[in-house]
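Working notes, beginning with the structure itself.
Residues: numbered from 1 along the sequence shown.
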Amino acid sequence: MITARLTTEELDRFLSIAAFVDRISPGVKKPVCTTNFQMLDVAPDKNTYKDSVPTAARPKIVPTSRQLSIYEFVLLLLIDTKKEQRELMYLRHFPYRSFRQLKRFYIGDSHEKIRYQYHRALVDTCQIANNNLKKYLQTI
């Protein structure tokens, strides 16, 4: 994965992989507590409210261990970046947006200025990662 030094192209690719894993990972569930129906054992039958027409099953996408390790690496790395840079990288990747769409969040800036700021944030983040790469690679 990372052999010597982290480059901006690799970091950009890792951010897109982390966004993919974040999108397909399950959400946080509320803790299950017993209800009156579960305590009294009078719950309605599970098949009572289902439609009679079977729904088309969607395939379940499961991230690989490499994708999960990249996701964890990116999360650990983004903690140490500056708040403005972290926000820009998050807005760019986690719901994928182009630089022209990011103009709505940065009013008064052109898409080229936002692109420059994004690449500057990638360079700064790569420098942070390369200074102490062992700290972030503990899981890879």
Side-chain angles (χ1 to χ4, degrees):
M1 190 163 98
I2 300 174
T3 55
R5 297 181 60 81
L6 183 66
T7 62
T8 56
E9 292 83 20
E10 285 177 332
L11 181 60
D12 192 35
R13 192 175 72 241
F14 288 167
L15 284 168
S16 60
I17 290 171
F20 171 74
V21 171
D22 188 57
R23 187 175 51 104
I24 64 172
S25 61
V28 178
K29 294 183 181 179
K30 293 181 185 177
V32 178
C33 61
T34 60
T35 62
N36 290 338
F37 288 117
Q38 292 171 340
M39 289 171 51
L40 299 175
D41 198 28
V42 291
D45 187 23
K46 291 181 180 179
N47 296 326
T48 304
Y49 301 109
K50 287 188 176 181
D51 294 333
S52 60
V53 179
T55 58
R58 292 170 45 191
K60 185 175 182 181
I61 300 172
V62 179
T64 63
S65 62
R66 183 172 188 268
Q67 289 172 334
L68 288 173
S69 63
I70 289 172
Y71 178 69
E72 188 171 350
F73 169 74
V74 167
L75 289 182
L76 290 173
L77 184 59
L78 287 181
I79 289 172
D80 292 339
T81 59
K82 295 177 185 174
K83 182 182 183 283
E84 298 83 22
Q85 293 176 345
R86 179 174 49 232
E87 181 181 284
L88 180 60
M89 287 188 277
Y90 177 80
L91 288 174
R92 169 78 168 113
H93 282 283
F94 282 86
Y96 177 76
R97 293 185 176 102
S98 67
F99 292 109
R100 291 185 189 267
Q101 290 173 335
L102 285 177
K103 284 190 338 184
R104 298 177 188 145
F105 296 101
Y106 298 94
I107 298 174
D109 293 343
S110 68
H111 68 279
E112 289 297 325
K113 182 176 180 182
I114 295 170
R115 181 179 311 197
Y116 173 76
Q117 290 173 345
Y118 174 73
H119 288 293
R120 188 72 235 163
L122 285 179
V123 169
D124 292 344
T125 307
C126 284
Q127 287 175 351
I128 290 171
N130 290 329
N131 287 341
N132 194 3
L133 197 58
K134 289 182 183 178
K135 174 183 171 185
Y136 305 109
L137 293 179
Q138 62 188 350
T139 60
I140 296 177

(request) Give, for atom CG of Leu102 and atom CZ of Arg115, the distance between the pair rounded to the nearest 0.5 Å. (result) 10.5 Å
(request) Drop me the distance from Arg13's CZ to Thr8's OG1, to the nearest 0.5 angstrom. (result) 11.0 Å
(message) Quick check: do Leu15 and Leu122 have side-chain heavy atoms less than 4.5 Å from each other?
(response) yes
(request) Look only at the side chain of Glu72 and the backbone of Ser69, and say whether a donor-acceptor pair between them is shorter than 3.5 Å. (result) no
(message) With no hydrogens and no angle check, just 3.5 Å: does a side-chain donor-acceptor pair link Asp12 and Tyr118?
(response) yes
(message) So Thr125 and Leu77, do their side chains get closer than 4.5 Å, heavy atoms only?
(response) yes
(message) Are the side chains of Phe73 and Leu6 in contact, using a 4.5 Å heavy-atom criterion?
(response) yes
(message) Parallel, tilted or perpendicular: which one describes the rings of His119 and Phe99, with boundaries at 30° and 60°?
(response) tilted
(message) Please tell me whether Ile128 and Val123 are part of a single hydrophobic cluster in this structure, the criterion being side-chain heavy atoms less than 4.5 Å apart.
(response) no
(message) When you compare the side chain of Ile114 with that of Leu88, does any pair of heavy atoms fall below 4.5 Å?
(response) yes
(request) Evaluate the side-chain proximity of Asp124 to Gln85: yes if any heavy-atom separation is below 4.5 Å, no if none is. (result) yes
(message) Would the distance check show the side chain of Asn131 and the main-chain N or O of Gln127 forming a donor-acceptor pair, the cut-off being under 3.5 Å?
(response) yes
(request) Could you tell me the separation between the OH atom of Tyr71 and the CG atom of Asp22, rounded to the nearest 0.5 Å? (result) 4.0 Å
(message) Quick one: does any side-chain atom of Arg97 pair with a main-chain N or O of Arg92 as donor and acceptor, under 3.5 Å?
(response) no
